[in-house]
Amino acid sequence: MEGYLLAVGVIALIYMLMTLGLNLHYGFTGLINFGHVGFFAVGAYTSAILAVHGVWLPLAFLAAVVLAALSAWPLGVLSLRLRIEYLAIVTLGFSEAVRLFIVNERWLTNGVQGIPGIPSLSEGLGLPMSATTATFILLVLANLAAILVIHRIVKSPFGRAIEAIRDDEEALRALGKDPGSFKIRVFMLGAAFAGLGGAFYAHYITFVTPDQFLPLLTFYIWVAMILGGAGRVSGAAVGTLALVGFLEGSRFLRDIVPGVAEVEMASLRLGVVGLALILLVIYRPGGIMGDYSS
Amino acid sequence: MSLLTLRNIRAGYGDTDIVTGLDLHVDDAEIVTIAGTNGSGKSTLVKAVMGLLARVAGEIDLDGTDLMALPAEDRIRVGMSYVPQVANVFASLTVEENLLVAEGVGDVRARMAEIHDMFPALAERRRMRAGALSGGERQQLAFARALMPGPKLMVLDEPTAALSPALVDQVFTLIEGLPKLGAAVLLVEQRARQALQISDRGYILDQGRVVLDDEAQALLADDRMAELYLGG
Amino acid sequence: AEDPFRIGALNPVTGAGGTYGPGMQKAILFAVDEINEAGGAAGRTLEVFAEDTQTTPDAAVTAVKKLIEVNKVQIVMGTWSSGITLAVMPITTEAGIPEMNTSGAPAISTEDKDDLVWRFQATNGRFGRAFAEIAEQRGFKRPATMAFNNASGVGNTEGFKDAWEAKGGEVVASVVYEPKRASYRSELQEVLAADPDVIVTGSYLPDTTIILREWYQSGHENKWIIPGWAANPKLVDALGPEVTQGVIAVESIANEKAPSYERFARMYKEATGNDASTNIYAAMTYDMAIVWALAMEAAGPGASVAEINAKIRDVANPGGKEVYSFEEGKAALKDGPIDYQGASSRLDFDEYGDVTPDFSEAVVQPDGSFKRVSVVKI
Amino acid sequence: MTFAANDISMRFGGFLALDHVSIEMGESDLVGLIGPNGAGKSTLFAVASGFETASGGRVVFKGQDVTALSPAARARLGLGRTFQVPREFTHLSVLDNLVVAAPGQLGERLVNVFLRPGDIARQRAEIVEKAEGIADFLNLARVIDQPSGKLSGGQKKLLELGRVLMLDPALILLDEPFAGVNPVLVGEISERIGELNGRGVGFLVVEHNLQALSDLVRRMYVMDRGRIIAEGTPDEVLARDAVREAYMGGVV
Amino acid sequence: MSFGYLLNLAVNGAIEGSIIALGALALTLVFGIARFPNASAGDVITVGAYAGYGGQLASGGLMAAGVVSGMVGAAAISLAFYWFVFRKLAGRSAVYPLIASIGAAFLIRAAITFFLGHDQRVYDVPLTRAVALGPVRVVPTDLYLAAGALAALAVVFALLHMTPLGRRMRAVADNPDLARASGISARRVMTAMWLIAGAVSGLAGVLLGVKTVVMPEMGWDLLLPAFAATILGTIGNPVGAVVGGLLIGVAQELSTPFVGFTYKIGVGFLVLLLVLMVRPQGLFSGAERVR
Ligand SMILES: Nc1ncnc2c1ncn2[C@@H]1O[C@H](COP(=O)(O)OP(=O)(O)OP(=O)(O)O)[C@@H](O)[C@H]1O
Ligand SMILES: Nc1ncnc2c1ncn2[C@@H]1O[C@H](COP(=O)(O)OP(=O)(O)OP(=O)(O)O)[C@@H](O)[C@H]1O
Ligand SMILES: [Mg+2]
Ligand SMILES: [Mg+2]
């Protein structure tokens, strides 16, 4: 059981890194980013490719984070010009473009065949423990660090400025601040978290293919963020745990609901997730922790 | 006989009461002004009258109709119309569409013509999106829109803010003439002096309560009133 | 008696594999019923714990962890797409338990360092070779390929291309298409512009349906070589015989005339109401359970998982009495080695744990039926 | 001369909202701008502050041509403005609305956030003190911790003014600061503007409240239909027929 | 590369574009009036396809019956979700109805797969060969498709801009409180809007189903390009949605000789990006004011 919980925990913690990044984008700054999985993919592939070529894992991770952040730069620049809903679709397009790039540039990514045999963290770092345990421990540390960093940032004048952007960026402009420079930095920072999550993911699953980076994952992260409460640091953590608990918990539904075939079970699970989303939004709109407007 | 009667009104947002224990009435063909400092609850009160607040308790009666039981969208049919303080036009609709939006009441064409006479600027900008109008033009449009259905009670929340002096005078003249057209007016104004001059009675609000209510002339003559609410 | 032996059925019940997963899972279940009715293996009954991979690696990974950690299963069987198998393999291997799959990617062979992974499906390369064999026999000169852009689709057509070029032939056009499109007309237009005499596809049923419809509308006359999972009776149902006649369906087969397949087909029909030919993967998962049970039987009571795993080639590869069911095999094991002839293939595992099935070449007849014209051995 | 709009024209489609408008202001000048609704006053502000790009003309501030500068860059140079329709940061408290406006905050750089927390805290203390002073003066102290989105219409107007005061600008463009503001407070704000002006802050004020405006400013421009039609002391200007005609409908 | 070849590509693109356009039309209505991107639109389209298939089957093969039952079925689902879900979220930030609509999408798909499984279904439409018009090959059924898209556009446009109902819809979208005070019942207007959006989705579903195969994921897969088209043509603008859809479809296909077939869906986004660089609010936007 511990091993399973640990595995679920690893997935939750990976999602949590992404959720923290997205929360910085949307929850605090109001940037609608529907392409989060793109940064995640950049991180995963960067680290995977470097690692299978023998690069020392810490370096591969660093490269993943940096590249994910850099890939967000053009989107940050674009976000200066685009109204909020328009940015949403552009970022969605970005994540699809990343996936298409991975699919097509086989020389680099091995295309649809994916990259197998990525060293796990315990293997790559020579840690005397199981891969899952190693990943779990490092992820806990990474998340703690991320939470500290974000907490620091949102309490700072920088944080106040990005929250002002969320409400009215023209007004901020009139006060002599460039929303653009804030947005670019926020975009890159949030993407860096997603990239870090991606690197962990690649070394945990030990295999990456383009199919793992579909927009559905972005939606899941959104759900986690809203579930916890947008614009709350604690919200990202709580929301991710709730989401993953929910997705995994439904596995055990079958033990409770007898006489349902496995296929129907899967439909049921999807339906339950859907229903829960609806009910949550109607009856607990601020998420579990309450969002920035409450 | 009162046209509009409010008894023991309590209204607010979320858990906070803004307006408490308030009584007020507007008689037929009467102009009643509500004045008070910023944040004293004037807009909250008129939103309550219009049925736009989620949390209202008390009695509101218009000409024998219990308004508490009437959804906001049906109040136009019992003769109410409203100019809010902010967001008082449909910005993405054209000027003309703004005027036509209210459910058809009476002779629309004739009213349109009247409106265009009253506000030539609007006639010129008929096909322009209301969002592109200047502040004052917007205000005119808002007023005109509320006139369209031929109301018997007009609820106006600072209809002259942002208007040029000429138009302020014009709007006050218009308001003054409304009772003759059969409409009573509940008017919220910061230009309290001018407003009271054309009003029959007035209420002064402070922190959600009526602190003074009297004949308009009496209020204008009141020294304390001048010092606290009317300014120099 | 000992506790039941715990089997993890890890199938793509939803997601891209949703067409096959449910049937694959049912096949494991009825295979296990069959085994238990025959008195179990090595004195133990078998018990199945099923999970859905949702055809995504994340879900598969937590699912396999749950199977291993919570349900304490000692073998995992039935993973479908290569991406899933490659994600699940490291976990089962670390836990020291075998993994049985129906995936085609070559990497599965090379990544299986501990000989714990068993593949019941032909590799992409073997499929390609079968395609090339058939194209050559039929005398095609100007083949073109169209592939669904995933590991299997591209794997098949590239396997074909390699094999064809090794024979000295030339592929006149190759298109890889993104799936889930409303139309593939431009893709077709490109392929048809090269004037091929046959188009070899690595595709699935929905896209094949659309492609063939649009091809028919375009009025071209070339032939098609299509994998059996896409060229099946459902395709003919969808488009009618006028469009589909002459389509060459290629799939891996077992001894279809053999009793094991007949038995399986009967049970499959009973369990799902569908024809066994609509889900070749179900036959594979059925075989997984049977082979494993036979290996258990061969290893004898009290054997460890590793010991059972080591018996798989013994019970499936040539060199013993050919048997066609668990019951038969169990009885025959008392007298000496056996060679289980599966429902999905002869089940002869090479050094990588991969099988080399035979392939059938079937052609759609004017009345819409499939008629096998040859069996290709590679 | 601190500020000049030279020969500004602005076209919306076929409509000429500004027609070769020129305005000049000296150092710590206090100037009014009046004109009928739709004359182009707010449009002139938008051009002056960089929110709209004029079809023609130049904007000069502190001797520098700022025509090509962004709104933020102009604000940093000391050119502040308010919006006719208040644009508060709705989810921020009144205090934070003011605090965020303070210029030159160390903590807006991420490096400093992590390396100089002490300096940031000290700076914040100063900023908060100043903000509280402004809130006090604008009668906003009672609601200082409320989200600004929940303020009344007039309170928002005041906050808009307070925020630009936080900037310590050299010149403030005020778009109808008195509209919707309680008359008693109008007097007080006028006083404060005068006082700030005494300390060297320039003001260009658009306002329809002529009484208050002519008491406040030394000089005013009158616009009509996108053109400057008059300029001079309030008494001079308001006495002119053309102005009375255009602006006051001929009556006073 | 001959001109005829490119022309054929353009035609292919226009046909695909018509389908995207129909999806975008439904999206832009909801986006423009209810003010949120409705992620369940795709699955409502799927419902339309299944309902249409069922209707055709039940009527013994009548396509007209399929179209009607597809539109009715989708409209009913659309209305049901308005009534039980989106109505309760009016006035909230767009993200909340968006998340709820993702939930609705899951719920619909779950119901479809629960009751109908994953097997593909195919409309019973006689197959015709393409007709050559000069160098261009056209399939008659594709002409129906294009006609359907145009008809839907005409109806939606007329409704939105030429009727009092449309005016009221836009008023509610713009300023719900003021609309109420102007005597507009948001509920009635929104009911009409969701019915129309549903019917358009239903039509899209049937046409998509006829063109492709009926599958539980078919609508969801259409969502992304339809969103792109909606944005490209400016949110809330029906003409824009259709033009956007066509533009994306044509650009995608025309790009294939240069970028290949697997990159072509990226081209749709590239077009979107380029347009947004020049016109940040889409092709058909009016000016906004800052003051
Ligand atoms: N984007 C636009 N498109 C078309 N016309 C516009 C646009 N913006 C402004 N206008 C027109 O330009 C004119 C000037 O507007 P502006 O807001 O500058 O007036 P103003 O002098 O500030 O008036 P007020 O005192 O009423 O605020 C108005 O008639 C307005 O309708
Ligand atoms: N949406 C809201 N939510 C919570 N509180 C609100 C809301 N709107 C207004 N308030 C509060 O209610 C009080 C009264 O506001 P109201 O708008 O009624 O004042 P007002 O008298 O109209 O003032 P003004 O003259 O400035 O328009 C204010 O203190 C304000 O903070
Ligand atoms: Mg008010
Ligand atoms: Mg103005």
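Each chain gets a letter, A, B and so on, in the order its sequence line appears, and its residues count up from 1.
Separating the CD atom in B:Q190 from the CG atom in D:L185 is a distance of 9.0 Å, to the nearest 0.5 Å. Atom OG1 of B:T160 sits about 10.0 Å away from atom CG of D:N209, to the nearest 0.5 Å. Taking OG1 of B:T16 as the reference point, atom CD of D:Q146 lies at 7.5 Å (rounded to 0.5 Å). Taking OG of B:S164 as the reference point, atom NZ of D:K41 lies at 7.0 Å (rounded to 0.5 Å). For the atom pair CD of D:Q211 and CZ of B:R191, the computed distance is 11.5 Å after rounding to the nearest 0.5 Å.
The number of heavy atoms from other shown groups lying within 6.0 Å of CZ (D:R192) is above 12. For D:K150, the NZ atom sits in a loose shell: 12 or fewer heavy atoms of surrounding residues, nucleotides or ligands are nearer than 6.0 Å. Within a 6.0 Å radius of CZ in D:R240, other residues, nucleotides and ligands contribute more than 12 heavy atoms. For CZ of D:R227, the number of neighbouring non-hydrogen atoms (other residues, nucleotides, ligands) closer than 6.0 Å is 12 at most.
Of all the listed residues (D:G38, D:A39, D:A179), the one sharing the greatest number of non-hydrogen pairs under 4.5 Å with chain B is D:G38.
Only the side chain of B:L167 has a heavy atom closer than 4.5 Å to any heavy atom of chain D. For D:F178, no part lies under 4.5 angstrom from a heavy atom of chain B. For B:Q140, the part lying near chain D is the side chain, with the backbone staying farther off; criterion is any non-hydrogen pair under 4.5 Å. Proximity to chain B (any heavy atom under 4.5 Å) is shown, for D:V181, by both the backbone and the side chain. Residue contact with chain B, scored on non-hydrogen atoms closer than 4.5 Å, involves the side chain of D:L158 exclusively.
For the pair D:S152 (side chain) and B:G39 (backbone), a donor-acceptor distance under 3.5 Å is present. Side chain of D:N37 to main chain of B:A162: a donor-acceptor pair is present (N/O by atom type, distance under 3.5 Å, no hydrogens or angles). Although no hydrogens or angles enter the test, the distance criterion places a donor-acceptor pair under 3.5 Å between the side chain of B:N38 and the main chain of D:G180.
Using a 4.5 Å heavy-atom cutoff, the side chains of D:Q84 and B:R138 are not in contact. Using a 4.5 Å heavy-atom threshold, the side chains of D:F15 and B:E124 count as separate.
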